[in-house]
Number of protein chains: 2
Amino acid sequence: MAFMSTDNLKKITMADVAREAGVSTMTVSRALNKANVVSAATLSKIQKAVDDLGYVLDQSAGSLSSRKTGFVAAIIPSINNSNFSETAHGITKELEKNGLQLLLGYTDYMQEREEELVESLLRRRPEGIIVTGGYHTDKTRRMLHAAAIPVVEMWDLPKQPIQHVVGFSNSRAIEKLVEHLYKEGYRSFCYLGGDDADDTRGQDRLHGYQNQLKKYGLNHERVVEIGQTPLSYEDGSRGIKIALEKWPQTDVIVCVSDLMAFGALVECQRSGWNVPRDIAIAGFGDYELSRNCYPEITTINVDCFGIGSQAAQIICQQIQSHSESEFSNKIIKQPIHILPREST
Amino acid sequence: MAFMSTDNLKKITMADVAREAGVSTMTVSRALNKANVVSAATLSKIQKAVDDLGYVLDQSAGSLSSRKTGFVAAIIPSINNSNFSETAHGITKELEKNGLQLLLGYTDYMQEREEELVESLLRRRPEGIIVTGGYHTDKTRRMLHAAAIPVVEMWDLPKQPIQHVVGFSNSRAIEKLVEHLYKEGYRSFCYLGGDDADDTRGQDRLHGYQNQLKKYGLNHERVVEIGQTPLSYEDGSRGIKIALEKWPQTDVIVCVSDLMAFGALVECQRSGWNVPRDIAIAGFGDYELSRNCYPEITTINVDCFGIGSQAAQIICQQIQSHSESEFSNKIIKQPIHILPREST
DNA sequence: CTGTTAGCGCATTCAG
DNA sequence: CTGAATGCGCTAACAG
């Protein structure tokens, strides 16, 4: 590639393009915004000018004028090795179709960070916002309300939804899993989860576990709480050792996530315990991993990608039909599927 | 929570806050931008007005005026279950410290999407941009140059860097791995990779593999190319079956990624082949998984998080010391570590 | 189909 | 430490 000159460093504006093409800036604006309201002749003149000058539209100026930023904000706990990355993918895909750009914020599982993230994202004037879970501070709720934009809560079924919801009941999911395992004949249960009070979805899952066992009159107190979110393999490995030392009669271990379940499974392989003969293991989340390990892990499937794309769809609809629609709040309950596999 | 009234739906601007606090908008602006140049008395008046009105600063207007958007753009292939999510995390963390917001774009491993992504991100007037790899179309290069902002290429060592680089040689990494395996005594190699010509880093890895084997005068033609990026477990499982059918004498399989390696490992477990006794397996990327499975997978470590945070650091430095610095391009070569583990 | 006028909501710059 | 005037680069609204 030839040496690139450092000349045209001064910013090129729409006015430059207009002058070059011999039209007004308004015509350039129309041409560039794909409004098919410009004659073919002028369009090509403008195209040429744009190419010659290397002009790129300045949306930050445009959105000030049009009061449409084209941003949608989303807040998720983490993007690493978690179900939420699938959700982020789903959101992005859907927004892309509508020409919207995602502004992503991570809390790193620190609930208290949500408030500041919401504020800093709101400064960008997104046209909609997606948040994870149903637990928010009062100030957060106030800010979201004042923003007067579509809000979607996802990954849970909040008791007091802000507006729209795309989620499922984490406790109900585990109840169904326990029910399934009970029917399979398991009676001596143990639970592996995190020790993080902030992880509200984790807490909900534990409650679901305990509720269901109480219904059966079974011992629901064999619970190992170990590790901070994001929980991972090591926590599962450490957890199962503790569990089986304390309660060697356990025949099935329910894990708060597939990652923990896999860690537990690997620990069994190392220790020469046969899964599921000696001990059965179940997880949560239907990670790609859990259907691609040996033995495959019994788990609960939730449509992570679908949660994201549906949440984004709601935002897009609300933006287009700019109805105030206080009365059309959508509560979308995602289906949950128990996937019995080799590990139980 | 009490019923929320739908009244103050009209946008609240800085002028409203100024009126409420009995000062000029300029003073409000200074107070809110943390410039400690406002008297304590007026500051608290402004704070009160902001709280009462629920005002949130409008950065999209501010950045037009100040010519600083506070955005940094980054383009990565994918965020799902890949090393790049760690890199995105590293970028975000570093930008956060500097009060910058990441604008993320995914190519989904489609090289041709980079061009349109660059253009749409540049419309947002980011103050810097980070791209993955060193292969870009001419138009992309032109746009990046014309943008006159800091550019970092990462995850590779381009022959013709645009500006700054944070990366490593993918081919050199595999050469080192093959060298290690050779010293361990392996002589009958096989390679498992994708069949995607677009995956330039994958191609580089294959070349490294073949180069090193040529040096040893060993057969370098046992290559199974299967699956599109992002390669995953299934590709590894299918690949190792094909490989061992064709070349049963193979004693070590080198995989383009840990995910494929794990898929291959699981296939061995299912088929009752002992790893590493019957067949050894090595991967690439040092995924958390590969040190938490059984047997642990020999792999190549690259500091994914560090690549991201260093790339972001360079951007931040360049933004602050707004030097044109055509001559201070940083080429940061990341270290590569071979991690011998149980699978070889 | 195209141009003109006005202004989006802030921060820069210069005065006080 | 505070205020007034001005304009960032673009698009809405209207007129032709």
Side-chain angles (χ1 to χ4, degrees), chain A residues 10-47 49-50 53-71 99 122-127 146-148 322, chain B residues 10-47 49-50 53-71 99 122-127 146-148 322:
Chain A
K10 64 170 183 296
K11 287 176 195 78
I12 298 162
T13 74
M14 196 176 264
D16 298 318
V17 177
R19 197 178 316 112
E20 182 84 6
V23 295
S24 73
T25 60
M26 201 51 235
T27 305
V28 177
S29 174
R30 281 191 271 252
L32 264 43
N33 287 300
K34 310 275 177 215
N36 301 326
V37 286
V38 174
S39 77
T42 54
L43 184 60
S44 68
K45 274 194 300 185
I46 291 171
Q47 282 293 6
V50 166
L53 271 56
Y55 173 70
V56 175
L57 196 63
D58 186 338
Q59 251 187 98
S60 71
S63 53
L64 179 61
S65 182
S66 67
R67 292 101 182 286
K68 283 161 157 284
T69 57
F71 284 129
L122 250 27
R123 280 207 239 279
R124 301 297 188 172
R125 294 294 185 269
E127 299 181 45
H322 31 75
Chain B
K10 66 170 182 296
K11 287 177 196 75
I12 297 162
T13 75
M14 196 176 263
D16 298 318
V17 177
R19 198 178 316 114
E20 182 86 6
V23 295
S24 73
T25 60
M26 202 50 239
T27 305
V28 177
S29 174
R30 280 192 271 254
L32 264 41
N33 287 302
K34 311 275 176 215
N36 302 326
V37 287
V38 174
S39 76
T42 53
L43 183 61
S44 68
K45 274 193 301 183
I46 291 170
Q47 283 293 8
V50 166
L53 271 56
Y55 174 69
V56 175
L57 197 62
D58 185 338
Q59 252 186 97
S60 71
S63 52
L64 179 61
S65 184
S66 68
R67 291 101 185 287
K68 283 162 159 281
T69 57
F71 285 128
L122 250 28
R123 280 206 240 277
R124 301 296 187 173
R125 294 294 185 268
E127 299 181 46
H322 33 75

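Keep in mind it's a predicted model, so treat the numbers as computed, not measured. Basis for what follows: all heavy atoms, side chains included, without hydrogens, waters or symmetry-related copies.
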Using the side chain to side chain donor-acceptor pair (under 3.5 Å) criterion, which residues pair with [X]? Sequence neighbours excluded.
X: A:Arg124; value: B:Gln59
X: B:Ser63; value: none
X: A:Thr13; value: none

Query - Per-nucleotide protein contact string for nucleotides 7-16 of chain C, where B marks a base within reach and S marks sugar-phosphate only (heavy atoms under 4.0 Å, - for neither) - result: BBBBBB----
**Report entry** Validation row: A:Arg125, B:Val56 side chains within 4.5 angstrom (heavy atoms)
**Finding:**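 A:Arg125 vs B:Val56: side chains touch.
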**Report entry** A:Met14 side chain reached by A:Tyr55 side chain, heavy atoms, under 4.5 Å
**Finding:** yes
Report task. Output all residues satisfying side chain to side chain contact (heavy atoms under 4.5 Å, CB included) with B:Leu64, sequence neighbours left out; order by chain, then residue number. Result ->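 Partners of B:Leu64 under the side chain to side chain contact (heavy atoms under 4.5 Å, CB included) test: A:Ala61, A:Leu64.
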Query raised in the report: Could you state the interatomic distance from CG (A:Leu32) to CG (A:Leu57), rounded to the nearest 0.5 Å?
Result: 5.5 Å
Query raised in the report: Which value, rounded to the nearest 0.5 Å, describes the distance between A:Glu20 atom CD and A:Leu53 atom CG?
Result: 5.0 Å
Query raised in the report: Can you check the A:Lys34 NZ to C:dC1 C1' distance for me, whole Å?
Result: 19 Å
Query raised in the report: For A:Ser39 and C:dC1, is the shortest distance between a side-chain N/O and OP1 or OP2 below 4.0 Å?
Result: no
Query raised in the report: From the 5' end of DNA chain D to its 3' end, which nucleotides mark the outer limits of contact with chain A, defined by a 4.0 Å heavy-atom distance cut-off (strictly under)?
Result: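 Listed 5' to 3', the contact boundaries are D:dG9 to D:dA13.
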